[in-house]
Amino acid sequence: HEEYAPPWRPLLVLVFPVLPIFWTYRVTISKTKITFGYSHAYSEIERTDILSVETVDHVNGLAHWGGWGIRYNLKWEMGYIAKNGSAVRMEVKKQGADDDDDANNTKVYVFNCDEAARVCSILNGNEE
């Protein structure tokens, strides 16, 4: 379990109505699912739906994603970008998708975490 305040949180004072949504960023892994995102805007993925995970050594929110928060890049990967730094890139089966390898049946998430290599190791079943 990893949880921290995004470093850009003081800027949310300027847009008070969205303050509660982005107040805390978290990554939580249980035996059956992984949850990542902000206080009230997060994704919850069943571990059985994960097709692949890999570390991303450095994500620059502004250069790679056009900013911080919940973002999409030019490849339509969904990012939960809380800060610049390490991240996990995870490809998952879309809900209700068949088991074939059609690219339209997958979705890619990129999310920050301080221990990206360890998160990948856990999700790959190499540690508890």
Side-chain angles (χ1 to χ4, degrees):
H1 178 80
E2 185 175 298
E3 184 173 302
Y4 53 88
W8 42 266
R9 185 167 71 177
L11 296 175
L12 292 174
V13 173
L14 301 174
V15 285
F16 183 74
V18 298
L19 188 64
I21 296 170
F22 295 99
W23 191 252
T24 303
Y25 179 82
R26 71 176 187 270
V27 177
T28 305
I29 302 172
S30 72
K31 290 190 183 293
T32 59
K33 62 186 171 184
I34 178 170
T35 306
F36 51 89
Y38 299 95
S39 303
H40 298 288
Y42 56 89
S43 287
E44 196 169 74
I45 308 293
E46 294 293 327
R47 288 180 65 175
T48 55
D49 290 341
I50 297 172
L51 302 173
S52 67
V53 291
E54 61 184 331
T55 60
V56 179
D57 292 331
H58 184 76
V59 169
N60 182 312
L62 197 55
H64 301 148
W65 292 87
W68 297 269
I70 301 170
R71 316 293 292 187
Y72 283 93
N73 65 13
L74 296 175
K75 300 178 210 169
W76 284 103
E77 298 173 334
M78 185 174 197
Y80 286 82
I81 310 301
K83 61 183 181 176
N84 294 342
S86 65
V88 171
R89 182 181 184 277
M90 180 171 63
E91 186 175 357
V92 301
K93 265 190 307 192
K94 285 185 180 176
Q95 290 181 341
D98 296 341
D99 286 336
D100 57 0
D101 289 334
D102 186 5
N104 293 327
N105 290 334
T106 63
K107 185 169 185 172
V108 175
Y109 294 94
V110 177
F111 58 92
N112 285 116
C113 59
D114 289 333
E115 298 184 50
R118 183 162 184 237
V119 168
C120 289
S121 180
I122 291 169
L123 293 175
N124 285 323
N126 298 330
E127 65 178 275
E128 290 286 317

Within a 6.0 Å radius of atom CG on Leu74, are there more than 12 heavy atoms belonging to other residues, nucleotides or ligands?
no

Under the rule for salt bridge (Lys or Arg N to Asp or Glu O under 4.0 Å), what residues qualify as partners of Glu46, not counting sequence neighbours?
none

Donor-acceptor pair, side chain of Arg71 and main chain of Gly66, under 3.5 angstrom
yes

Determine, using the 4.5 Å side-chain heavy-atom cutoff (strictly less than), whether Tyr72 and Tyr38 are members of one ILVMFWY cluster.
yes

How long is the straight-line distance from CZ of Phe111 back to OG1 of Thr35, given to the nearest 0.5 Å?
10.0 Å

Angle class for the His64/His58 ring planes (parallel below 30°, perpendicular above 60°, tilted otherwise)?
perpendicular

Below 4.5 Å, heavy atoms only, C-beta onward: do Ile29 and Arg47 meet side chain to side chain?
yes

One should read off an interatomic distance between Glu91 CD and Ile50 CD1, to the nearest 0.5 angstrom, of 11.5 Å

Got Ile122 and Ile34 here, is their nearest side-chain heavy-atom distance under 4.5 Å?
no

Value for OG1 (Thr106) from CG (Asp49), rounded to nearest 0.5 Å, stands at 12.0 Å

Flag side-chain contact, heavy atom, 4.5 Å: Glu77 against Trp65:
yes

In short, Asn112 meets Val27 closest at the heavy-atom pair O-CG2, 3.6 Å

Closest heavy-atom contact between Val53 and Cys120?
CG2-O, 3.9 Å

Looking at Gly61, is its backbone amide N or carbonyl O close enough to the side chain of Asn84 to form a donor-acceptor pair, meaning the two atoms are under 3.5 Å apart?
yes

Assess whether a salt bridge exists between Lys83 and Asp114, defined as any Lys/Arg side-chain N lying under 4.0 Å from an Asp/Glu carboxylate O.
yes

So Tyr109 and Val88, do their side chains get closer than 4.5 Å, heavy atoms only?
no

Quick check against the 3.5 Å criterion: does Arg89 have a side-chain atom that pairs as donor or acceptor with the backbone of Ser52?
no

Supply the atom-to-atom distance Tyr42 OH to Ile70 CD1, rounded to the nearest 0.5 angstrom.
11.5 Å

May I ask you to decide if Ser86's main-chain N or O and Asp57's side chain share a donor-acceptor pair within less than 3.5 Å?
no

Same apolar cluster: Val56 and Trp68, side chain cutoff 4.5 Å:
yes

Val108 vs Lys75 side-chain heavy atoms within contact, under 4.5 Å
no

Side-chain heavy atoms nearer than 4.5 Å, only ILVMFWY residues, links allowed to pass through others: does that put Met78 and Leu123 together?
yes

Shortest non-hydrogen separation from Ala87 to Val59 and the atoms involved:
CB-CG2, 3.5 Å

Judged by atom type as modelled, is there a donor-acceptor pair below 3.5 Å linking the side chain of Ser43 to the main-chain atoms of Phe36?
no

